[in-house]
Amino acid sequence: MDATAGKELTAVEQMLCKAFPDVGPFGTSALEKALRKLEKFELACQGDDWADPECKATNTEALQYARARAVVKGLSWSLRESLQARGRTGTIERLMEEPFLGKSNATKIVEIFQTGTCQRTLARFERGEAPLDSEGNVRMWAHRHEHKATRPMTDGPAKVELSSVLCISAMTAIKLVHERNIRSIAQLRDRPEIVRELHGGHRLDHSLRFHEQLQEPVPAEDACEMLKTVRETVRALRVPRAAGWHAELVGGGRTRGRAGHDVDILLWHKEEMASFLSSQGPVFVLDILLGVLVEQGRVLPKGEAYFSRKCVASRHDDPRPYLRQIHMAQESSKGFENLQYDHHDKFFGIWRSARTGKLHRIDLVVCSHPEELPFARLAWTGTRTLNRLMRLRAIDLGLYLGAHCFVARGDREGTTETKVVVDAQAGRPPEVITLGKLEPLPFKYVQSEEDILRVLACGTNAFAKLVDPTNRNA
DNA sequence: TGGCAATACG
DNA sequence: CGTA
DNA sequence: GCCA
């Protein structure tokens, strides 16, 4: 029996029941692009979520646009046909039956679909003006806190352009516009003394210099070459069972079947961890791999370009931090926020094509423990919006979902126990696992992305469309 | 009607 | 504050 | 915008 039978689905459940193809059948790509632009304007003008430590507010507008775009991608009916058959009002009503769309966003979607823009938000953002709220008032300040507002909603195009530079965040772009009157990348390039003040060092200098190249889509030929080179290089390393290392595309390369401006590669091994112990201490496969790739001239070195490596030694404290009894027993007001989780070793850097000499962003992620592979795959395949939806769903079930495992939050009223339905297929008795506070769900129940999605669907196949990564472009 | 909006690391 |  |  369906675990959700007898009650209405939550908005998050409705979303996860959908498929999000890269290109849908109903001609909504211009609408999706407009909603993406609105999200980017909101992020660039307000700062990303939690960007201001003094004012911990969610960027609700950006979140709404991201969700609205996902809803449009997941629509199983045609806006065009609905507008013909039911008219504007009928279509708005139908949109309001979709998750996360109220009257305001439904109306906006119809306006953008019919006219290509939205007069009170998108058109104003594009002219560098502050948008209007649903009552027609100018939304001059982020977070609606007029008295301590430091972030005007004007100059959207300048802020979007500046924050697209690697190493320049939304908050830095906002300061450049309003404190230094810098309104484009070209203007920033003409002011080396201001660039120096940003303290980005050689990484920022390099990002600015090669910005256009780094924004270009990576040609399929180069993406293939990157994957092949990484795979062959890791398999030739002097590490335990080197031939057992795998390299696969995640990110846009997996959800869309083609790379965007970067290439995301996940490295994993059936038996080995991301690092091993030598007499000198832990050795990271990623470090050795990067050493070779830098030497071969494929990856730009730390002293030359953007280069961010994150490895952790605590992996070899046995057992893992999040499996330690001491952590499960630890109670704190902050819940599991104080937990030190292990993490996958990562590299964010610049690749130089052997074919064209052009530079491209590359992300390498090394799955830290073999059994965490499905969680690493799911998280690093994304998209960002889909990750947020899946993690919201996990919260609904009393679970934490990260890139490593499920952990019981144990923060519900009255009990610290969390019941997890790992299987509720028709014709079988449901299998329910009971977890204590901060106890991880044993990996034997989650051996694939499909298993994770089934747990999120309370043991059913309600979210099975998302098993295919090309349906994950939310 | 008010709390909540994903989660992580250097 | 930067990145995913 | 959703939900207890």
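Computed over heavy atoms, backbone and side chain alike; hydrogens, waters and symmetry mates excluded.
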Please list, for nucleotides 2-4 of chain D, all pairs of protein and nucleotide N/O atoms separated by less than 3.5 Å.
unit_1: D:dC2; atom_1: OP1; unit_2: A:F100; atom_2: N; d: 3.0
unit_1: D:dC3; atom_1: OP1; unit_2: A:A11; atom_2: N; d: 2.8

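For the pair A:L63 CG and B:dT7 P, the computed distance is 13 Å after rounding to whole Å. If you take CZ of A:F375 and P of B:dA8, they are 13 Å apart, rounded to a whole angstrom. At whole-Å resolution of the value, NE2 in A:H344 and P in B:dT7 are 16 Å apart. Atom CD1 in A:I362 sits roughly 15 Å away from atom C1' in C:dT3 (whole-Å rounding). In this structure, A:K346 atom NZ and B:dG10 atom P are separated by 7 Å, rounded to whole Å. As a whole-Å value, the separation of A:D396 CG from B:dA6 P is 12 Å. Going from atom CZ of A:F347 over to atom C1' of B:dA8 covers 19 Å, rounded to whole Å. Rounded to an integer number of Å, the gap from A:L364 CG to B:dG10 P is 16 Å.
Which of B:dC9, B:dA6, C:dT3 sits closest to the side chain of A:L392 comes down to B:dA6. Checked against B:dA5, C:dA4, C:dT3, the side chain of A:W380 finds its nearest nucleotide in C:dA4. Here B:dA6 is the nucleotide among C:dT3, B:dA6, B:dC9 with the atom lying nearest to any side-chain atom of A:I395. Of the candidates B:dA6, B:dC9, C:dT3, C:dT3 carries the atom nearest the A:F348 side chain, counting heavy atoms from C-beta on.
In this structure, the ring pair (Phe, Tyr, Trp, His ring centres under 6.0 Å) partners of A:H246, at least two apart in sequence or on a different chain, are A:W268. The side-chain hydrogen bond (donor to acceptor under 3.5 Å, both in side chains) test applied to A:K175 returns no partner, not counting sequence neighbours. Evaluation of the side chain to side chain contact (heavy atoms under 4.5 Å, CB included) rule for A:E97 yields no partner, not counting sequence neighbours.
Within the 4.0 Å cut-off from OP1 or OP2 of B:dT7, at least one side-chain nitrogen or oxygen of A:R409 is found. Remark: A:H404 is not in phosphate contact with B:dA8, judged by side-chain N or O atoms under 4.0 Å from OP1 or OP2. Between A:R388 and B:dA6, a side-chain N or O to OP1/OP2 separation shorter than 4.0 Å is present.
Counting non-hydrogen atoms of neighbouring residues, nucleotides and ligands closer than 6.0 angstrom, the CZ atom of A:R209 reaches no more than 12 such neighbours. For A:K18, the NZ atom sits in a packed shell: over 12 heavy atoms of surrounding residues, nucleotides or ligands are nearer than 6.0 Å.
One C1' atom belongs to C:dT3, the other to B:dA6, and the distance between them is 16 Å to the nearest Å. Between B:dA5 and D:dA4, the distance separating the two P atoms is 14 Å to the nearest Å.
Within the nucleic acid shown, A:L166 comes within 4.0 Å of sugar-phosphate atoms alone, with no base atom in reach, counting heavy atoms only. Residue A:R361 is in sugar-phosphate contact alone, with no base atom involved, counting any heavy-atom pair closer than 4.0 Å across all strands shown.
Contact detail for A:G410 and A:K437: the closest heavy-atom pair is O-NZ, 3.4 Å.
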For residues 130-137 of chain A, which side-chain N or O atoms pair as donor and acceptor with protein atoms under 3.5 Å away, sequence neighbours left out?
unit_1: A:D133; atom_1: OD1; unit_2: A:E135; atom_2: N; d: 2.9
unit_1: A:D133; atom_1: OD1; unit_2: A:G136; atom_2: N; d: 3.0
unit_1: A:D133; atom_1: OD1; unit_2: A:N137; atom_2: N; d: 2.9

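For the salt bridge (Lys or Arg N to Asp or Glu O under 4.0 Å) condition, the pairs that include at least one residue of residues 358-367 of chain A, sequence neighbours left out, are A:E216-A:K358, A:R361-A:D363.
The residue among A:R67 and A:C311 whose nearest nucleotide of DNA chain B lies closer to the 5′ end is A:R67.
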